[in-house]
Amino acid sequence: MAPTFSKAMKSLEVDDSVWLPLIGKATVQDHGDVALPCHSLASRLRKSPQDIAEQICLLVEEDLAPIATVSSISGFVNISAKPEWLSKSLSLLLSDPRLGIESEKPLTFAVDYSAPNVAKEMHVGHLRSTVIGDSIVRMLEFKGHRAIRENHVGDWGTPFGMLIEHLLDLGEDQAANELGVGDLDSFYKQARAKFVSDDEFADRSRRRVVLLQGGDSETLRLWRVLVDESMRYFNEVYSMLGVLLTDEDIRGESSYRDLLPKVVERLNEVGILEQSEGADVVFPGGWVNREGDPLPMIIRKADGGYNYSTSDLACIIDRVERMGCDGFLYVVGTPQKQHFEMVFQVAIQAGFMDEDHQVTHVNFGSVLDTDGKVLKSREGEVIKLHDLLEEAIRRAEDAINQKNPDLVGEERKKVARTVGIGAVKYADLSTERTKDYVFDWERMLSFEGNTAPYLQYAYARICSIFRKWGGERDSLRDNFESLLKDELSILSNEELTLSRRLVEFPTIVDESITTFSPHKLCKHLHSVASSFASFYENCSILKEENAMLSTRRLALCDLTARELQLGLGIMGIDVPERM
RNA sequence: GGGCGUGUAGCAUAGCCUGGAUAAUGCACCGGCCUCCUAAGCCGGGGACCGCGGGUUCGAAUCCUGCCGCGCCCGCCA
């Protein structure tokens, strides 16, 4: 289409750089698929937008005739795809196992996500990071990239003094038991309560931190107990969620501790390390504190301890120099935005990475309660992820019992898990990630609207059709265009709407991946499912007597199901055969 | 105080980067549809000064600016 327009516009002496930015998806779908507003050309051509649109229309009409119809109205050129074009596009997608999504030149990305803290309950913030991170990893891998999963577990730092002392107070067995059943929050709270109320305990805790950092073997053994028991619990949650993270992906903060002194050394070598009130700091510039003084990034505290920033810098050095990463993604909440901006700037100043590295803080909004307040883990009640996921599965099972009593036994359990977990993940992925996310049980588990169960239901319905049909689905994928001949080329409105949506899939997937925005894909899949539902209600498929028509509709079913399955799949959401 | 973000029907969201025609979607609400491929569904309907005021433009939810509300961040936590 572009060459045709280019030729036409050239004859009007309008350069590509002028009209190309103007053309875009039509905002009023009744008018067409693609539109070119001509108003801004009026002064250049000294004609009314209406006349220009009409003229362009005449110039391109003939060349575009095989694939589209062109019309003009109130200064817009409107282009509508013809069924012939749609059928060609559909047939390309049908015959392609990747559904039109191209592979790219492979790059290596480190994706930093999940990051729960040892001996602390995982909360809904970790859920967001885990679910979004998992979907990004899957999408990148599907595009042919290498995604290195990194679970930056909080397993190091001053709180471990009090945690280890509390472990000793309880007795190892008792403590392991408490942690093993996932009662991390009360364990942490008890330790903290003692730390603030009991001076003797606080002293012991501080001494224990020194022992831990000094590498005392007994202390390290106790620390290991805490880490292992917590990880056992985290893994249970990961397994329920069905995410790709395993023990192989754990890159605890402790694993960077030997690199931290090197960060100080190297910052010193490049001459940007400064002393301030006994601490080693770097001034990235561009930020000021309350008093208007330059804001430093603390690299090494006055007491010799290191900071989160130091650890992040060590991380960057490691990823660039040892792992050879082309890009790093940090799936971490928006509140840490400034922190990452400063870290990235320092890393560039220090030469740890350069402009060629794609470094992105894949930020996401806070998780709010239904009353709009931030859900916090420190003092208020935490919703335990394990309980939350169980609740989701239980509610899904209740709904299945009610709607489809024929589904029983193991299969019902399996479907309940697929639907319940899918609902939780989808609720998170389907909102624009940088905005705050309202955590609402009802909404999340409601099986209506833009939710995973709605999409899964569409998928299950299609599976049901194919079970009844009994034919070979592969046979639908090769000769699609031959099914659109003669009077059959008249597609019904529902078929047209569905087809238009289906062909957008590869574009949307790419857009979703390059912007790390799963919600765009969610939105598309919902519109596919929605137009499928409409198609399903209004067009008979198996009951259609005309064999070609029936086959054509089966092919649309096949493509719809595959888009739903692949689309949800690259976001880490499963689809059930029945529900 | 400084910085960042956000404000779209009763509720929840998309659209904003890259300005276009009648602001899109879901829930809720109103009215229809199951002797028929799964009604977790479909068809139809009502409901929005896109926070407020200026500006740029032929054209602003979108860009600029000033207010207002809300949220977050701002040197030894992560």
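Reminder, nothing fancy here: chain letters follow the sequence lines and each chain counts from 1. Quick caveat: nothing in here was measured; it's all calculated off a predicted structure. When reading the values below, keep in mind they use all heavy atoms of this one structure, side chains included, and skip hydrogens, waters and symmetry mates.
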Check your understanding: Can you check side chain to side chain contact (heavy atoms under 4.5 Å, CB included) on A:V131 and A:L429, steps first, answer last?
Key -> CA-CA 8 Å; A:V131 169; A:L429 293 171; 3.7 Å; yes
Check your understanding: When rounded to the nearest Å, what value does the distance between C1' atoms of B:C72 and B:U62 take?
Key -> 24 Å
Exercise for review: Give a yes/no on whether any side-chain N or O of A:N404 is located under 4.0 angstrom from OP1 or OP2 of B:A40.
Suggested key: no
Practice item. Just call it for A:C522: base, sugar-phosphate, or nothing, with non-hydrogen atoms closer than 4.0 Å on any strand. Key: nothing
**Study point:** 5'-to-3' dot-bracket of RNA chain B (Watson-Crick, G-U; under 3.5 angstrom; crossing pairs as [ ]; | other strand)
**Key:** (((((((..((((......[...)))).(((((.......))))).....(((((..]....))))))))))))....
Review point. Should the pair A:D33-A:R500 be classified as a salt bridge under the 4.0 Å nitrogen-to-oxygen rule?
Key: yes
Practice item. Please confirm whether the backbone N or O of A:Y308 pairs with a side-chain atom of A:T310, one donor and one acceptor, at under 3.5 Å? Key: no
Check your understanding: Considering only side-chain heavy atoms of A:A35, which listed nucleotide, B:G75, B:A21, B:G41, is closest?
Key -> B:A21
Point to revise | Euclidean distance for P, B:G51 against B:A61 (whole angstrom) | key: 10 Å
Check your understanding: Looking across every strand, which nucleic acid part, if any, lies under 4.0 Å from A:A42 by heavy atom: base, sugar-phosphate, or nothing?
Key -> nothing
Check your understanding: Closest nucleotide of RNA chain B for A:A26 versus for A:N117: which of these residues is on the 5' side?
Key -> A:A26
Study note, to complete from the structure: Testing B:G71, B:A39, B:U13 for proximity to the side chain of A:Y536, the answer is B:A39
Exercise for review: Sugar-phosphate atoms are those with a prime plus P, OP1 and OP2; base atoms are the rest. Using that split, label each nucleotide of nucleotides 5-11 of chain B B, S or - for protein heavy atoms under 4.0 Å, 5' to 3'.
Suggested key: -SS---S
Check your understanding: When you check the phosphate oxygens OP1 and OP2 of B:C42, does a side-chain N or O of A:Y454 lie under 4.0 Å from one of them?
Key -> yes
**Study point:** Closest to side chain of A:H31, choosing from B:U13, B:U22, B:G15
**Key:** B:U22
Check your understanding: Going by atom types alone, do A:Y426 and A:N450 pair a side-chain donor with an acceptor below 3.5 Å?
Key -> yes
Check your understanding: Does a side-chain N-to-carboxylate-O contact under 4.0 Å join A:E253 and A:R257?
Key -> no
**Study point:** Between B:A39 and B:G15 - C1' atom distance, rounded Å
**Key:** 32 Å
Review point. Hey, is A:F76 stacking on B:A21? Ring centres under 5.5 Å, planes under 30°.
Key: yes
Check your understanding: Can a side chain N or O of A:S534 be found less than 4.0 Å away from OP1 or OP2 on B:C43?
Key -> yes
Review point. Just to confirm, is there a sub-4.0 Å distance from OP1 or OP2 of B:A14 to any side-chain nitrogen or oxygen of A:H526?
Key: no
Check your understanding: When you check the phosphate oxygens OP1 and OP2 of B:C72, does a side-chain N or O of A:S366 lie under 4.0 Å from one of them?
Key -> no
Review point. For B:C76, does either OP1 or OP2 sit under 4.0 Å from a side-chain N or O belonging to A:K301?
Key: no
Review point. Which residue, A:N289 or A:I541, contacts RNA chain B at a nucleotide closer to its 5' end, judged by nearest heavy atom?
Key: A:I541
